[in-house]
> 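First, the structure itself, so that you have it in front of you.
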Amino acid sequence: MGLEDGNSENARSWARPVRVYMDGCFDMMHYGHCNALRQARALGDQLVVGVVSDTEIIVNKGPPVTPLDERMIMVNAVKWVDEVIPDAPYAITEEFMKKLFDEYNIDYIIHGDDPCVLPDGTDAYALAKKAGRYKQIKRTEGVSSTDIVGRMLLCVRERSVSENQHHSSLQRQFSHGHSQKFEDGGSGSGTRVSHFLPTSRRIVQFSNGKGPQSDARIVYIDGAFDLFHAGHVEILRIARELGDFLLVGIHTDQTVSAHRGAHRPIMNLHERSLSVLACRHVDEVIIGAPWEISKDVITTFNISLVVHGTVAENNNFQKEQGNPYEVPISMGIFKVLDSPLDITTSTIIRRIVSNHEAYQIRNEKKAASEKKYYEGKSYVSGD
């Protein structure tokens, strides 16, 4: 009898995959979001993600930097996501929870271990917890959308400082974890610097773990991929369609600073690499790719095609001395792709600058609660 019951139980467990749900604003999508989605997916067989509407974000947090359509592109591109629900509510209501259970066959609702408090002070996931259908994951330390917006606001302030005054570039501050405001105990805007330390385990977790087949057509695209956004995702999608394996070169912080100014990149090399690795269109990345694509690089990685989008921070490369694509052009394996979206990293920064007062207020409100959360908290790796 017991054996039969056990077999019956196994049969039921195999009858339907475990479906888990995670929601979020996913504004300024970063590797922390991706790691949360990776952890959530590990708790089930299928991950359904709710993307909060623009209206709900404005009511609960302030204006989003990226609109819903761009946030949908970003979430859909994360390789651990199976299904996406647009216009999800900020808080799990009784009605929406019933819809998740009945229509979407959700078994568990997932959220990070950081507090999610509504404007009235109540827990946004109280109903899911009460129903016994809530599971928690570790928050990825060292990054948040608030933090990234703060980095850009600091970037704007730095650029307004006289060139005669000595101040570190953002790249050095954020790559090496130095911030005058925080380390001197100043109040400032509450901007947290990046203390992200890459580990081999985290890179393996994000990696596909598979190389190309011997006869694969390998497509190569390179860039900074700073503040990874919908424009990046769409050009990677098109590039991947041109071959069997997409290899992405991520330029070093020093290379990006040399070509785009001392205030760039906003995200450091390893942060940028993880964001690109999490994209379902990407098979592998070169962490710290060279600016110029040499014959040696092409031969070493067996590259069949090198591509570049029409929308980029710098499209004058063919007119410049020392064209980085000179070798693939001479070999007849270079192709310029029409970029589907007119978005660059500078576009995202301009959005912050144009509405900088609203984001400053939003950051100050959220930074207060984040600071309290982080104070006295040691690093815990989210598995």
> Would you say the ring centroid of Tyr325 lies under 6.0 angstrom from that of His308?
yes
> With a 4.5 Å limit on heavy-atom distance, are the side chains of Ile348 and Met28 in contact?
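The answer is yes, as the side chains (C-beta and beyond) meet within the 4.5 Å cut-off.
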> Just by distance, do the side chain of Asp82 and the backbone of Val48 share a donor-acceptor pair under 3.5 Å?
no
> I'd like to know if Lys98 pairs up with Glu95 as an ion pair, taking the criterion as any Lys NZ or Arg NE/NH1/NH2 lying under 4.0 Å from an Asp or Glu carboxylate oxygen.
no
> Counting C-beta onward and ignoring hydrogens, is there a side-chain heavy-atom pair between Asp45 and Arg19 closer than 4.5 Å?
no
> Quick one: CD1 on Ile203 to CD1 on Ile287, what's the gap to the nearest 0.5 Å?
4.5 Å
> Do Asp27 and Arg71 make a side-chain contact, defined as non-hydrogen atoms from C-beta onward lying under 4.5 Å apart?
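A side-chain contact exists here, since the closest heavy-atom pair is under 4.5 Å.
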> Taking all non-hydrogen atoms of both residues, which atom of Asn105 and which atom of Arg16 are closest, and how far apart?
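Heavy atoms of Asn105 and Arg16 come nearest at O-NH1, 3.0 Å.
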> With no hydrogens and no angle check, is any side-chain donor or acceptor of Ser207 less than 3.5 Å from a backbone partner on Val204?
no
> Got Val219 and Ser304 here, is their nearest side-chain heavy-atom distance under 4.5 Å?
no
> Do Thr55 and Ile58 come close enough that some side-chain heavy atom pair is under 4.5 Å?
no
> Please name the pair of heavy atoms, one in Asp222 and one in His251, separated by the smallest distance, quoted to 0.1 Å.
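Shortest heavy-atom separation between Asp222 and His251 comes out as OD2-NE2, 3.3 Å.
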> Taking atom CZ of Phe301 and atom CD1 of Ile286, what is their separation to the nearest 0.5 Å?
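The CZ atom of Phe301 sits 3.5 Å away from the CD1 atom of Ile286.
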> Is the shortest heavy-atom distance from the side chain of Ile109 to the side chain of Lys129 under 4.5 Å?
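Answer no - side chains too far apart.
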> For a quick test of reading the model, state the closest non-hydrogen atom pair linking Cys25 to Val51 and the distance between them.
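Closest heavy-atom pair between Cys25 and Val51: O-CG1, 4.2 Å.
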> Nearest 0.5 angstrom please: Ile92 CD1 to Tyr134 OH, how far?
10.0 Å
> Distance-only, no hydrogens or angles: does the Arg272 side chain make a donor-acceptor pair with backbone N or O of Ala224 under 3.5 Å?
yes
> For the residue pair Phe225 and Phe228, does the interplanar ring angle fall in the parallel (under 30°), tilted (30 to 60°) or perpendicular (over 60°) class?
tilted
> Assess the side chains of Tyr220 and Asn302: does a donor N or O sit below 3.5 Å from an acceptor N or O?
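No, Asn302 and Tyr220 have no side-chain donor paired with an acceptor closer than 3.5 Å.
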> Whether the side chain of Lys295 engages the backbone of Pro328 through a donor-acceptor N/O pair (distance < 3.5 Å, no angle test) should be reported.
no
> Report the C-alpha separation of Arg202 and Glu271 in whole Å, then their side-chain angles, then the decisive distance to 0.1 Å, and conclude whether the salt bridge (Lys or Arg N to Asp or Glu O under 4.0 Å) test is met.
CA-CA 11 Å; Arg202 177 68 78 231; Glu271 292 178 308; over 6 Å; no
> Please examine the side chains of Leu37 and Leu47, heavy atoms only from C-beta on, and report whether any two atoms are closer than 4.5 Å.
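Yes, their side chains come closer than 4.5 Å.
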> Would a 4.5 Å heavy-atom cut-off, applied to side chains only, mark Arg240 and Asp283 as touching?
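Touching, per the 4.5 Å side-chain cut-off.
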> Can you check whether Val20's main-chain N or O pairs, donor with acceptor, with Asp107's side chain at less than 3.5 Å?
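Side chain of Asp107 to backbone of Val20: no pair is present.
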> Would you call the rings of Trp291 and His259 parallel, tilted or perpendicular, taking 30° and 60° as the class edges?
parallel
> Measure from the side-chain N and O atoms of Ser339 to the backbone N and O of Thr310, and report whether any donor-acceptor pair falls under 3.5 Å.
yes
> Show the numbers, then the answer: is there a side chain to side chain contact (heavy atoms under 4.5 Å, CB included) between Ile221 and Val306?
CA-CA 6 Å; Ile221 186 170; Val306 176; over 6 Å; no
> Is the backbone of Lys138 close enough, under 3.5 Å, to the side chain of Asp113 for a donor and an acceptor to pair up by distance?
no
> Taking atom CZ of Arg133 and atom OH of Tyr21, what is their separation to the nearest 0.5 Å?
14.0 Å
> Is atom CD of Gln46 surrounded by more than 12 heavy atoms (other residues, nucleotides or ligands) closer than 6.0 Å?
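More than 12 heavy atoms, drawn from other residues, nucleotides or ligands, come within 6.0 Å of this atom.
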> Can you check whether Met267's main-chain N or O pairs, donor with acceptor, with Asp226's side chain at less than 3.5 Å?
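Pair found, side chain donor or acceptor close to backbone of Met267.
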> Give the C-alpha distance, both sets of side-chain angles, the deciding distance and a yes or no for side chain to side chain contact (heavy atoms under 4.5 Å, CB included) between Ser275 and Met74.
CA-CA 10 Å; Ser275 291; Met74 297 302 295; over 6 Å; no
> Please say which of Arg41, Met29, Arg38, Arg280 ends up in a side chain to side chain contact (heavy atoms under 4.5 Å, CB included) with Val78.
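Only one option passes, and that is Met29.
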> CG of Asp342: more than 12 outside heavy atoms within 6.0 angstrom?
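No, CG of Asp342 has 12 or fewer neighbouring heavy atoms, counting only those of other groups under 6.0 Å.
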> Transitively linked via ILVMFWY side-chain contacts under 4.5 Å: Ile349 with Val256?
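Each belongs to a different hydrophobic cluster.
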> Just verifying a value: how many Å separate Lys130 NZ and Met97 CE, rounded to the nearest 0.5 Å?
9.0 Å
> With side chain to side chain contact (heavy atoms under 4.5 Å, CB included) as the test, pick out the partner of Leu227 among Thr66, Ile266, Ile352.
Ile266
> Is the backbone of Leu247 close enough, under 3.5 Å, to the side chain of Glu284 for a donor and an acceptor to pair up by distance?
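Flag not set: sc Glu284 to bb Leu247 has no pair under 3.5 Å.
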> Checking Ile137 against Leu43 for the side chain to side chain contact (heavy atoms under 4.5 Å, CB included) test, could you report, in this order, the C-alpha distance in whole Å, the side-chain angles of both residues, the deciding distance, and whether it holds?
CA-CA 9 Å; Ile137 58 170; Leu43 294 177; 3.8 Å; yes
> Closest approach of Phe206 and Cys34, non-hydrogen atoms and distance?
CE2-CB, 3.9 Å
> Which atoms form the tightest heavy-atom contact between His229 and Ile343, and what is the distance?
CE1-O, 3.3 Å
> Check for a donor-acceptor pair, side chain of Asn60 on one end and backbone N or O of Glu56 on the other, with a separation under 3.5 Å.
yes
> Going through the distances and angles, do Lys61 and Tyr90 end up as a side chain to side chain contact (heavy atoms under 4.5 Å, CB included)?
CA-CA 10 Å; Lys61 298 178 73 172; Tyr90 189 79; 3.8 Å; yes
> Would you indicate whether Tyr108, at its atom OH, is surrounded by more than 12 heavy atoms from other residues, nucleotides or ligands within a distance under 6.0 Å?
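Incorrect, the count does not exceed 12.
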> Looking only at non-hydrogen atoms, find the nearest pair between His281 and Val233 and report the distance.
CD2-O, 3.8 Å
